[in-house]
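Notes for the one structure printed next.
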Amino acid sequence: MGQQNSTPPSGEPTQFDRLLLTGAAGGIGQAIRHRVAEFARLVRISDLPGALPGDAAPHEECVPCDLADRQAVDALAANCDAIIHLGGVSVERPFEEILEANIKGVFNLYEAARRQGVRRIVFASSNHVTGFYRQDERIDAEARKRPDGYYGLSKSFGEDMAQMYFDRYGIETVSIRIGSVFPEPKDRRMMASWMSYDDFHDLLRRSLFTKDVGHTIVFGMSANAHTWWDNRCAAHLGFAPRDSSEPFRDKIEATPPPAPTDPVAVLQGGAFTTTGPFDPV
Ligand code: NAI
Ligand code: 15L
């Protein structure tokens with residue numbers, strides 16, 4: 001655990017001039033913000049107005065921005081070579097919230113990339129694009145999408161934006177269907193879906209700097225003992241996670257198990273598959 005994965009994809013450049021990081025004030029954003037410094041001379045960090053702490057480092061510039069504001073997003077992407085797009089609503093919520101931050105937000109981001117000449121995006125997609133597969137199924141990136149709510153739908157839309165903007169405009173994207181990136185797994189389900197910050201950081205590097213990725217979909221998980229996802233379609237990234245949820249097994253298994261029929265024990269998307277509807281009948 002905690003080992004730094006330092007091998008870059010062989011022969012590729014390993015630094016941009018200016019990199020945009022959206023969602024920089026969020027859980028993952030705060031954890032990786034200083035690590036992404038190695039990917040660019042200057043990192044433009046962004047989040048909702050008022051969300052960013054006022055502690056920008058010399059290699060950072062803070063540009064608050066609501067992703068739903070098209071003009072502001074256009075300006076946000078100016079002079080950037082690449083984008084790590086973490087910003088948006090990260091859980092199941094009423095459709096109107098998802099529409100603004102995630103659907104209009106990802107549209108605004110890709111349009112800004114097209115207009116401003118950004119050539120590479122890493123999109124924080126989610127395992128909730130395929131949340132209705134069972135935990136006893138193993139899928140790869142070619143499996144039919146089965147979004148488990150409005151949130152999963154918005155990530156599915158984001159992946160389609162990525163494909164369309166590659167096919168039409170040649171903007172390359174790696175969509176990382178993130179499992180569960182947290183300091184440690186929180187429950188039994190995350191024993192399969194967990195990904196360490198070190199492994200995520202290594203996957204970010206590969207997603208930014210591997211040549212000719214087109215639109216690649218990769219599942220973001222550590223080398224857990226049991227997983228639901230097969231990354232054969234993303235083999236060209238050379239991603240080989242080093243961490244595992246196994247050291248946390250005893251702690252997790254000391255907690256009471258869910259009923260065997262509970263969606264958290266049956267479906268890959270767990271509790272997301274039953275969150276909502278938000279409007280009373
Ligand atoms: P988070 O909720 O902690 O951070 C998301 C950030 O986006 C927040 O700081 C929030 O202020 C910002 N944001 C929300 N609406 C915005 C808007 N309209 N304009 C600008 N910024 C806005 O989420 P977390 O855990 O850091 O996840 C980062 C990304 O990775 C999210 O896109 C999430 O959907 C995705 N993801 C995360 C997983 C995880 O295990 N943490 C799993 C799968 C996907
Ligand atoms: C996600 O997409 C969420 O953003 C995150 O908060 C976790 O709940 C994660 O999926 C998960 O499935 O564990």
Side-chain angles (χ1 to χ4, degrees), residues 20-33 36 44-53 62-70 72-73 76-77 83-93 96-109 112 121-133 135 147-159 175-197 199-200 203-204 207 217-222 224 227-229 245 263-264 267-273 275:
L20 168 61
L21 175 68
T22 70
I28 297 181
Q30 288 185 56
I32 63 153
R33 175 178 149 193
V36 305
R44 181 174 293 168
I45 58 169
S46 186
D47 206 294
L48 282 169
L52 287 166
C62 289
V63 182
C65 174
D66 184 339
L67 291 161
D69 179 339
R70 188 166 175 179
V73 177
L76 181 66
I83 302 173
I84 298 175
H85 183 46
L86 302 180
V89 174
S90 65
V91 292
E92 184 61 355
R93 296 291 299 157
E96 290 70 18
E97 291 178 36
I98 300 281
L99 177 65
E100 292 301 315
N102 292 21
I103 296 183
K104 287 186 189 167
V106 81
F107 169 78
N108 291 342
L109 191 91
I121 295 175
V122 180
F123 171 53
S125 186
S126 171
N127 70 90
H128 296 286
V129 169
T130 49
F132 264 104
Y133 285 94
Q135 294 181 9
D148 58 27
Y150 303 134
Y151 169 69
L153 265 178
S154 75
K155 296 295 185 180
S156 178
F157 176 78
E159 291 185 4
S175 291
I176 306 179
R177 281 187 190 162
I178 305 172
S180 308
V181 174
F182 295 104
E184 55 184 72
K186 298 177 182 174
D187 54 29
R188 284 170 166 74
R189 175 182 162 274
M190 288 192 194
M191 289 301 291
S193 62
W194 183 70
M195 188 185 209
S196 70
Y197 292 123
D199 284 335
F200 185 63
L203 183 53
L204 282 179
S207 301
I217 295 172
V218 60
F219 289 93
M221 64 198 162
S222 281
N224 302 326
T227 62
W228 311 315
W229 306 315
S245 58
V264 303
L267 296 170
Q268 294 186 9
F272 278 57
T273 63
T275 305

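Both ligands and their constituent atoms are indexed starting at 1 by order of listing. Basis for what follows: all heavy atoms, side chains included, without hydrogens, waters or symmetry-related copies.
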Select the closest option to atom 12 (O) of ligand 2 among K186, R189, E92, judged by heavy-atom distance. R189
I need the D47 CG to L67 CG distance, nearest 0.5 Å. 8.0 Å
With a 4.0 Å cut-off on heavy atoms, is A31 in contact with ligand 1? no
Kindly compute the distance separating CG (D148) from CG (L267), expressed to the nearest 0.5 Å. 8.5 Å
Residue, atom and distance of the protein heavy atom nearest atom 9 (C) of ligand 2 read G179 O, 3.3 Å
Taken to the nearest 0.5 Å, the spacing of L48 CG from T22 OG1 works out to 10.5 Å
Side chains of P53 and R33, heavy atoms from C-beta outward: is any pair under 4.5 Å? yes
Residue pair I217 / V129, side-chain heavy-atom distance below 4.5 Å: no
Should the pair Y151 and F272 be assigned to parallel (<30°), tilted (30 to 60°) or perpendicular (>60°) ring geometry? tilted
Is the shortest side-chain heavy-atom distance between L20 and S46 below 4.5 Å? yes
Would you compute the distance between atom CD1 of I98 and atom NZ of K155 and round it to the nearest 0.5 angstrom? 9.0 Å
Can you tell me if S46 contacts ligand 1 (heavy atom of the residue under 4.0 Å from the ligand)? no
Just so I know, are the side chains of Q268 and W229 near enough to count as touching, which here means a heavy-atom distance under 4.5 Å? yes
Could you check whether any heavy atom of S180 sits closer than 4.0 Å to an atom of ligand 1, since that is the contact criterion I want to use? yes
Ligand-side contact atoms (ligand 1) for residue partner F182, heavy atom cut-off under 4.0 Å: 40 (O), 41 (N)
Among all protein heavy atoms, pick the one closest to atom 1 (P) of ligand 1 and tell me residue, atom and distance. S90 OG, 3.6 Å
Check each of I28, I98, D69, V181 against atom 37 (C) of ligand 1 and report the one with the nearest heavy atom. I28
Using a heavy-atom cut-off of under 4.0 Å, does the side chain or the backbone of K155 touch ligand 1, or both, or neither? side chain
Consider ligand 1: state whether an atom of it lies below 4.0 angstrom from any non-hydrogen atom of C65. yes
Could you find the nearest protein heavy atom to atom 12 (C) of ligand 1 and give me its residue, atom name and distance? D47 OD1, 3.3 Å
Could you tell me, atom by atom, which parts of ligand 1 come under 4.0 Å of a heavy atom of G87? 7 (O)
Is the shortest heavy-atom distance from the side chain of I176 to the side chain of F200 under 4.5 Å? yes
Please could you name the atoms of ligand 1 that A101 approaches to less than 4.0 Å, counting only its heavy atoms? 15 (N), 18 (N)
If you measure from each non-hydrogen atom of K155 to ligand 2, which part falls under 4.0 Å: side chain, backbone, both or neither? neither
I178 and ligand 2 - part of the residue with a heavy-atom distance under 4.0 Å: neither
Roughly how far, to the nearest 0.5 Å, is OG of S156 from CZ of R177? 7.5 Å
Side chain, backbone, both or neither: F182 near ligand 2, heavy atoms under 4.0 Å: side chain
Enter the distance from K104:NZ to D69:CG here, rounded to the nearest 0.5 Å. 11.0 Å
Are the side chains of I45 and L52 in contact, using a 4.5 Å heavy-atom criterion? yes
When distances are taken from atom 13 (N) of ligand 1, the protein heavy atom at minimum range is G88 N, 3.4 Å
For ligand 1, which atoms, with element, lie under 4.0 Å from some heavy atom of D66? 17 (C), 18 (N), 19 (N)
Numbered atoms of ligand 2 (with element) below 4.0 Å of M190, judged on heavy atoms: 13 (O)
Enumerated ligand 1 atoms positioned under 4.0 Å from heavy atoms of S125: 43 (C), 44 (C)
Tell me whether Y151 has any N or O atom under 3.5 angstrom from an N or O of ligand 2. yes
Hey, which atoms in ligand 1 end up nearer than 4.0 Å to a heavy atom of L67? 17 (C), 18 (N), 19 (N), 20 (C), 21 (N)
Determine whether the side chain, the backbone, both or neither of S90 has a heavy atom under 4.0 Å from any heavy atom of ligand 2. both
